Amino acid sequence: QVQLVESGGGLVQPGGSLRLSCGASGSIGSIGTMGWYRQTPQKARDLVASISSGGLTTNYADSVKGRFTISRDNPTNTVYLQMNSLKPEDTAVYYCNARIATMTRPYMDYWGEGTLVTVSS
């Protein structure tokens, strides 16, 4: 069984910064692409950023380019999202996603439970 656990959400003022973390644990064989998505009550769950297995390729939503940075630490199966210059429109529940192969299953998408980020003065 695989679990993704996020941390680092909270309340921050506009212009502030937060760092989200997500650790994968369980019967992990290998981890492919990891990413962060976000969702609000008014919108569908959208990709914020993703990073390839080796960390060399990243992809960002246009709305966060230049402000957010995704990174990963493979020895600890952890992905991070550094969020700077936060705006009220960044307010959402942020979900960690990882494509993981276990000892008994091929690559599948796994999700964390989400962490709330609120940007407000």
Side-chain angles (χ1 to χ4, degrees):
Q1 190 168 355
V2 172
Q3 283 189 319
L4 298 180
V5 179
E6 302 112 333
S7 62
L11 173 65
V12 63
Q13 291 187 342
S17 298
L18 280 176
R19 189 193 195 204
L20 305 182
S21 301
C22 172
S25 62
S27 303
I28 295 172
S30 63
I31 304 178
T33 299
M34 303 183 81
W36 289 93
Y37 290 71
R38 66 187 181 187
Q39 186 171 19
T40 67
Q42 298 80 23
K43 297 177 71 176
R45 189 175 298 187
D46 292 326
L47 176 70
V48 175
S50 65
I51 186 167
S52 62
S53 58
L56 296 181
T57 302
T58 57
N59 181 43
Y60 294 93
D62 288 343
S63 59
V64 307
K65 283 180 181 177
R67 301 188 297 122
F68 291 10
T69 302
I70 190 170
S71 61
R72 65 190 287 169
D73 181 58
N74 285 343
T76 61
N77 296 329
T78 303
V79 63
Y80 302 95
L81 185 68
Q82 177 66 44
M83 305 185 294
N84 298 328
S85 302
L86 282 160
K87 304 175 181 179
E89 51 263 42
D90 294 318
T91 296
V93 178
Y94 284 71
Y95 295 91
C96 173
N97 169 269
R99 197 151 183 85
I100 298 174
T102 67
M103 302 302 180
T104 58
R105 291 186 175 185
Y107 279 104
M108 293 175 55
D109 279 325
Y110 291 86
W111 293 89
E113 293 188 351
T115 184
L116 177 63
V117 171
T118 303
V119 184
S120 175
S121 55

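Along the sequence shown, residues are numbered consecutively beginning with 1. Computed from a predicted structure; not experimentally measured.
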Keeping Arg45 on the side-chain end and Tyr94 on the backbone end, is there a donor-acceptor pair under 3.5 Å? no

Is a side-chain N or O of Thr91 found less than 3.5 angstrom from the main chain of Glu89, in a donor-acceptor match? no

Looking at every non-hydrogen atom in both residues, tell me the closest pair between [X] and [Y] and how far apart they are.
X	Y	value
Tyr95	Glu113	CE2-O, 3.4 Å
Leu4	Ala24	CD2-CB, 3.3 Å
Met34	Asn77	CE-O, 4.2 Å

Trp36 and Phe68: ring pair (Phe, Tyr, Trp, His ring centres under 6.0 Å), yes or no, with the steps? CA-CA 11 Å; Trp36 289 93; Phe68 291 10; over 10 Å; no

Between OH of Tyr60 and CD1 of Ile70, what distance do you get to the nearest 0.5 Å? 6.5 Å

Atom CD1 of Ile31 and atom CG of Asn74: how far apart are they, to the nearest 0.5 Å? 7.0 Å

With Leu18 as reference, evaluate Asn84, Val117, Leu81 under the side-chain contact (heavy atoms from CB on, under 4.5 Å) test and give the passing residue. Val117

For residues Ser120 and Thr118, is any side-chain donor paired with an opposing acceptor at under 3.5 Å? no

Would you say the side chains of Ser30 and Arg99 form a donor-acceptor pair under 3.5 Å? no

Please answer: with hydrophobic residues joined when any side-chain heavy atoms are less than 4.5 Å apart, are [X] and [Y] in the same cluster?
X	Y	result
Leu116	Val48	no
Val93	Met83	no
Ile100	Met108	yes
Tyr107	Tyr110	no

Residues Arg38, Ser63; criterion side chain to side chain donor-acceptor pair (under 3.5 Å); working and verdict: CA-CA 12 Å; Arg38 66 187 181 187; Ser63 59; 3.3 Å; yes

Is the Lys NZ or Arg CZ of Arg19 less than 6.0 Å from the centre of Tyr80's six-membered ring, within 45° of the axis? yes

Salt bridge or not for Asp62 and Lys65, using N-O below 4.0 Å? yes

